[in-house]
Amino acid sequence: MNLKCQQEQKRVDSVMQTITQEISKLEEETSRRRNEVVQIRKHFWDEIKVNTDTFDDYLETIIGLRQEAQALSVNQSAHRHASKRLSTLRRMQEIPYFGRIDFIEEGTSTEEQIYIGISSLSDPHGEDFLIYDWRAPISSVYYDFQPGPAKYLTPGGTIQGILEKKWQYLIRSGVLQSMFDTSLTIGDEILQQVLGKGTDKKMHNIVATIQQDQNQIIRHDHRRLLIVHGAAGSGKTSAAMQRIAYLLYKYRDRINADQIILFSPNSMFNSYVSNVLPELGEENMQQVTFQEYLDHRLSNEFQIENPFEQLEYVLTGVHTPSYKTRVASIRFKASSRFFEAIQSYRQSLEVSGMLFKDISFRGKPIVTSQQIADRFYRNEKSLRFHNRLEKIKEWLIKKINDAIKEERSKPWVQEEIELLSNEDYHKAHSYLAEKRGFKGEDKADYEIEPEALARLIAHQKMKPLRKQVQKFHFVDMKGMYRQLFANPKIIKDWIGGETPEEWGDICQMTLKILDEDKLFYEDSTPFLLLKEMILGFQTNSSIKHVVVDEAQDYSPFQFEFLRRLFPAARMTVLGDFNQAIFAHASEMVDFNTLMNLYGPDETEVINMARSYRSTKPIIEFTRKLISNGDRIIPFEREGERPKLTQLVDHIELHSCIASKIADLRGIGFNSIAIICKSAEESISAYEALSSLDEIKLLKSNSIEYEQGVVVVPSYLSKGIEFDAVIIYDASEDVYGDESLRRVFYTACTRAMHFLQLYCVGEPSPFLRDVLREGHIQA
């Protein structure tokens with residue numbers, strides 16, 4: 001070890017000692033705080049005298065309760081803070097820091113050495129920073145500049161200066177393994193080491209290898225909407241996760257993890273990214289799929305198709321009689337024209353067309369649907385739409401109250417009273433006694449009044465009806481959506497341009513599925529949007545930031561819906577339009593759609609062209625599969641060219657796959673994916689290969705990403721990477737249609753180190769150019 005490394009190792013030793021000392025103090029503090037919390041909880045009521053005889057006694061009780069609750073809250077908060085810091089320091093014992101900049105601030109002549117790690121660390125006296133948090137303003141210099149003039153933003157303004165040198169360190173468990181003096185953004189030596197490793201079942205933080213374009217994403221802070229368009233493997237999701245950590249650090253006094261929500265492509269992806277924020281000492285944000293939100297809002301009314309069921313049909317149902325109609329339906333209902341049609345339809349309801357349900361009790365209408373419609377369009381027409389509905393609701397509640405008065409003298413009420421159990425009778429007696437002012441033992445003196453009991457019975461029986469009215473269940477939402485398709489010609493009143501030539505068949509198909517109380521996936525968001533436009537949006541103003549991954553798989557409807565759902569939120573949107581694999585891809589969200597969400601002045605677009613996931617030969621192959629693929633820049637990491645093996649039949653295919661998996665395991669690959677086009681093909685492949693050790697089948701309802709050998713449909717592999725990928729059958733029979741090009745590209749781009757393609761029969765036409773140009777070994 002040279003002198004420079006020896007000096008740096010001494011510093012590492014000193015820092016490790018400080019970390020160990022702070023850990024020791026925090027272990028003692030967390031133990032003490034935990035005991036204090038336990039004691040306060042155990043003796044909470046011992047310290048409080050509950051007395052409500054007089055107002056002063058009552059006030060004293062309330063003050064005592066508040067003081068004890070406050071003491072408990074303070075101790076819980078201190079324990080939580082100490083535990084969080086302790087967890088971070090234990091991670092820093094493994095890697096205390098990874099970088100250093102030598103910076104001379106303008107106006108000074110002193111060079112300051114800034115060491116950068118996952119969290120800050122002060123010396124034992126609290127006078128100097130031994131390590132700066134990677135999110136601190138000055139740390140941005142490390143990611144953004146080469147030696148020379150440099151600057152960074154602080155709350156007080158821009159700080160100018162000279163970056164003299166930039167160092168990278170590889171430290172493990174207190175031992176300096178290597179260090180580099182680099183003029184690159186992040187030296188290839190460290191990045192090569194990180195990318196050359198095998199995967200595991202969780203995504204990890206990338207703070208030691210953040211690139212300049214990723215840092216731009218992480219620290220972006222001056223527009224309401226940030227759109228990140230990046231090639232497969234460009235680090236979009238990784239940068240977004242570090243961005244969340246950065247926001248939680250910078251705005252820690254204004255925002256917490258519960259106020260950030262990530263919309264992810266599937267539940268398995270949620271598990272895959274769940275490790276990143278805890279590694280950085282932050283709590284995980286809320287994670288949800290858009291389908292889970294739709295289920296939450298609509299599953300009580302309909303059986304809802306999920307996006308994977310929709311895609312499975314598109315990939316496998318090509319020979320069914322209704323296939324052409326269904327695909328046309330998916331595309332049209334995802335289009336901006338259909339969105340405009342629903343807006344126009346909603347406007348038309350101001351004048352006519354609202355449908356209501358009868359308000360009935362014991363099989364007889366209290367108010368008919370026609371009476372409600374007549375009042376809505378006659379008596380309330382001077383009011384705004386939502387106010388008219390509110391007035392109708394108030395009127396219906398009054399009608400129900402009037403009905404209660406009529407019902408309480410009818411024979412059925414007396415029958416209900418006679419059938420009351422002793423327990424129910426005593427409950428009614430207690431309730432009515434309290435209403436009359438009887439308390440405690442005095443309740444026994446109350447003699448129940450028959451009229452009061454009859455009124456109570458009638459009121460209780462009509463309670464569900466009142467609740468339904470309060471929730472606007474008297475509006476016939478299913479009928480309103482059905483009305484859009486009841487007459488194929490009527491939509492021309494609301495649409496700009498022509499409907500698809502299959503529109504009549506689309507209407508019939510939609511009516512049939514609605515009558516079965518089901519919703520196609522392509523109908524779910526339009527239905528919910530119409531419902532919200534009529535009844536008023538159920539907005540969530542507590543969410544301050546929304547992150548949407550795989551944005552290319554969302555329709556304009558869904559983005560418009562998210563914008564309205566989270567009116568107080570900023571948004572980060574990540575996507576790669578080359579991976580748009582859903583059937584509405586021809587009507588997919590594009591930059592123009594997204595720009596219109598908040599307008600150009602509130603929108604920033606960052607393009608990420610460099611791909612880091614795969615070796616250079618794999619990227620040179622995959623970028624030839626798509627138009628404009630030459631814009632994707634491969635990271636200089638060598639490896640084998642992808643291989644294509646042509647086979648006679650599936651028996652030979654399964655034999656070759658089994659042999660290849662044994663070879664790949666033998667060279668140490670931890671994660672091997674056999675990627676199929678569809679779930680149907682995945683099940684067939686899994687059953688044929690089930691004799692292999694520990695092989696797993698991943699399904700749309702899989703909760704956790706499994707390592708080892710997995711069989712997975714193409715659409716579930718999105719956002720995840722594998723050491724080695726085997727494309728199950730890249731034949732013309734399976735991938736012959738041009739509409740599948742993006743599906744094929746997505747599957748191939750999951751490979752980090754090795755890519756093997758098999759085909760039974762003729763290879764897919766997507767492979768013709770790469771075979772001719774030698775980007776794949778045949």
Chemist: Using the salt bridge (charged side-chain N to carboxylate O under 4.0 Å, His left out) criterion, which residues pair with E681? Sequence neighbours excluded.
Modeler: none
Chemist: Can a side-chain donor-acceptor contact be found between S731 and D733 if the only test is distance below 3.5 angstrom?
Modeler: no
Chemist: Enumerate the ring pair (Phe, Tyr, Trp, His ring centres under 6.0 Å) contacts for residues 670-689, please, sequence neighbours excluded, ordered by first and then second residue.
Modeler: none
Chemist: Partners of A679 by side chain to side chain contact (heavy atoms under 4.5 Å, CB included), sequence neighbours excluded?
Modeler: E312, P713, Y715
Chemist: Only counting residues at least two apart or in another chain, list the ones meeting side chain to side chain contact (heavy atoms under 4.5 Å, CB included) with E694.
Modeler: R665
Chemist: Does a donor on one side chain sit under 3.5 Å from an acceptor on the other, for E522 and Q310?
Modeler: yes
Chemist: Donor-acceptor pairs under 3.5 angstrom involving side-chain atoms of residues 292-299: please list them, not counting sequence neighbours.
Modeler:
residue	atom	partner	partner atom	Å
E292	OE1	T289	N	2.9
E292	OE2	S267	OG	3.4
Y293	OH	R297	NH1	2.9
D295	OD1	Q291	NE2	3.1
R297	NH1	E532	OE2	3.2
R297	NH2	E532	OE1	2.9
S299	OG	D295	O	2.5

Chemist: Checking T510 against Y481: is there a side-chain donor and acceptor pair closer than 3.5 Å?
Modeler: no
Chemist: Ignoring hydrogens and angles, state whether a donor on the side chain of T746 or R742 is under 3.5 Å from an acceptor on the partner side chain.
Modeler: no
Chemist: For T539, which residues count as a side chain to side chain contact (heavy atoms under 4.5 Å, CB included) partner, sequence neighbours excluded?
Modeler: F537, S541, P567
Chemist: For K660, check salt bridge (charged side-chain N to carboxylate O under 4.0 Å, His left out) against everything at least two apart and list the hits.
Modeler: none
Chemist: How would you list, by chain and number, every residue that makes a ring-ring contact (aromatic ring centres under 6.0 Å, His included) with F754, sequence neighbours excluded?
Modeler: none
Chemist: How would you list, by chain and number, every residue that makes a side chain to side chain contact (heavy atoms under 4.5 Å, CB included) with S611, sequence neighbours excluded?
Modeler: I619, I632
Chemist: Hey, does K718 have a side-chain heavy atom less than 4.5 Å from the side chain of D553?
Modeler: yes
Chemist: Listing request: all ring pair (Phe, Tyr, Trp, His ring centres under 6.0 Å) pairs with a residue in residues 655-674, at least two apart in sequence or in separate chains.
Modeler: F669-H753
Chemist: List the residues meeting ring-ring contact (aromatic ring centres under 6.0 Å, His included) with F302, not counting sequence neighbours, and say none if there are none.
Modeler: F527
Chemist: Tell me which one of F485, F520, W503, F339 satisfies ring-ring contact (aromatic ring centres under 6.0 Å, His included) with F332.
Modeler: W503
Chemist: Would you list the atom pairs, donor with acceptor, under 3.5 Å between side chains in residues 649-656 and any protein atom, with sequence neighbours excluded?
Modeler:
residue	atom	partner	partner atom	Å
D649	OD1	I651	N	3.2
D649	OD1	E652	N	2.9
E652	OE1	V648	N	3.0
H654	ND1	H650	O	2.9
H654	NE2	Y728	OH	2.7

Chemist: What I want to check is whether the side chains of S238 and Q214 have a donor and an acceptor closer together than 3.5 Å.
Modeler: no
